[in-house]
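Computed from a predicted structure; not experimentally measured.
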Amino acid sequence: MEQKNKKILMILIITLAILAFIFATIFAINKNKVKDASKTNQSSGKNLNDDEEDPTPKISEEKKAQVAAIRNIKGKITKIEVNSIEVIPTEGEKLTLKVPQKGANFSSLTKREDGAFMVKEIGLFDIPKNKEVDIQYNSTTNEVMLVSVK
């Protein structure tokens with residue numbers, strides 16, 4: 001009986017040793033695969049999974065051109081009409097900008113009683129003349145996007 005128990009114990013130990021060897025080999029192989037993949041990821045600049053899409057949004061050439069056309073100037077408004085405003089920039093010559101039917105914003109920076117500043121939306125004809133303004137406009141269409149009175 002004792003002989004039989006020793007044989008079973010020996011078979012159990014050999015089986016555990018073989019399983020440990022197999023698991024260690026599998027672990028080492030997977031670890032090397034991850035290292036190799038991370039090295040190629042760093043060198044190529046790609047994600048580990050080539051099937052995934054790049055999470056950064058793609059910007060078309062048209063959108064890039066639109067963004068590049070946006071200009072910011074500081075100056076004083078000398079003339080306001082329904083369809084246009086006339087601006088004298090602090091640097092440069094007089095500029096006449098179109099006012100679109102929709103999409104233009106006009107605001108004024110005011111100080112509250114508690115000393116905090118507040119941005120207040122105003123109308124086109126509420127813009128004071130000969131007061132310092134910041135203007136954002138599209139230089140290709142010469143349309144006003146934002147007028148902010150200081």
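- If you chain together hydrophobic residues whose side chains sit under 4.5 Å apart, F125 and I127 fall into the same group.
- Applying the salt bridge (charged side-chain N to carboxylate O under 4.0 Å, His left out) test to every pair with at least one member in residues 136-146, sequence neighbours left out, gives no pairs at all.
- By the side-chain contact (heavy atoms from CB on, under 4.5 Å) test, V119 pairs with S107, L109, sequence neighbours left out.
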Derivation and outcome, side chain to side chain contact (heavy atoms under 4.5 Å, CB included), residues L95 and Y137 | CA-CA 11 Å; L95 187 63; Y137 71 99; 3.8 Å; yes
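- Looking at residues two or more places apart in sequence or on another chain, you find no side chain to side chain donor-acceptor pair (under 3.5 Å) involving T110.
- With sequence neighbours excluded, no residue satisfies side chain to side chain donor-acceptor pair (under 3.5 Å) with N5.
- In terms of the side-chain contact (heavy atoms from CB on, under 4.5 Å) criterion, residue partners of K76 (sequence neighbours excluded) are, by chain and number, E132.
- Hydrophobic clustering (ILVMFWY, side-chain heavy atoms < 4.5 Å, transitive): I88 and I135 are in distinct clusters.
- The other residues sharing a hydrophobic cluster with M145 are I70, where clustering joins ILVMFWY side chains under 4.5 Å apart.
- In this structure, the side-chain contact (heavy atoms from CB on, under 4.5 Å) partners of V99, at least two apart in sequence or on a different chain, are I85, F106, L124.
- In this view, K79 and E81 satisfy the salt bridge (charged side-chain N to carboxylate O under 4.0 Å, His left out) rule, not counting sequence neighbours.
- For the salt bridge (charged side-chain N to carboxylate O under 4.0 Å, His left out) test, residues two or more places apart in sequence or in another chain that qualify with D134 are K150.
- Residue G115 comes nearest to K111 through the heavy atom pair O-CE, 3.5 Å, listed as atom of the first residue, atom of the second, then distance.
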Passes side chain to side chain contact (heavy atoms under 4.5 Å, CB included), S84 versus K98? Steps please.
-> CA-CA 4 Å; S84 65; K98 299 175 198 171; 5.6 Å; no
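- Nearest heavy-atom pair, R71 versus S139, reported as atom, atom and distance to 0.1 Å: CG-CB, 3.6 Å.
- Cluster annotation: V144 and V82 are assigned to the same hydrophobic cluster (Ile/Leu/Val/Met/Phe/Trp/Tyr, side-chain heavy-atom contacts under 4.5 Å, transitive).
- Every side chain to side chain donor-acceptor pair (under 3.5 Å) that E86 has, sequence neighbours left out, goes to T78.
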Let me have the donor-acceptor pairs involving side chains of residues 15-24, under 3.5 Å, with sequence neighbours excluded, atom names and distances please.
{"from": "T15", "atom 1": "OG1", "to": "I11", "atom 2": "O", "distance (Å)": "2.7"}

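- Residues I13 and L9 have side chains in contact (heavy-atom distance under 4.5 Å, counting atoms from C-beta outward).
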Decide side chain to side chain contact (heavy atoms under 4.5 Å, CB included) for I77 and N130; before the verdict, give the C-alpha distance in whole Å, the side-chain angles of both, and the deciding distance to 0.1 Å.
-> CA-CA 6 Å; I77 296 179; N130 295 320; over 6 Å; no
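- Linking Ile, Leu, Val, Met, Phe, Trp and Tyr whenever their side-chain heavy atoms come within less than 4.5 Å leaves L146 and V133 in two separate clusters.
- Residues L12 and I14 are members of separate hydrophobic clusters, defined by side-chain heavy-atom contacts under 4.5 angstrom among Ile, Leu, Val, Met, Phe, Trp and Tyr.
- In this structure E61 satisfies the salt bridge (charged side-chain N to carboxylate O under 4.0 Å, His left out) test together with K64, sequence neighbours excluded.
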I would like to know whether Q101 and N83 meet side chain to side chain contact (heavy atoms under 4.5 Å, CB included); could you show each step before the answer?
-> CA-CA 8 Å; Q101 294 291 328; N83 296 329; 4.2 Å; yes
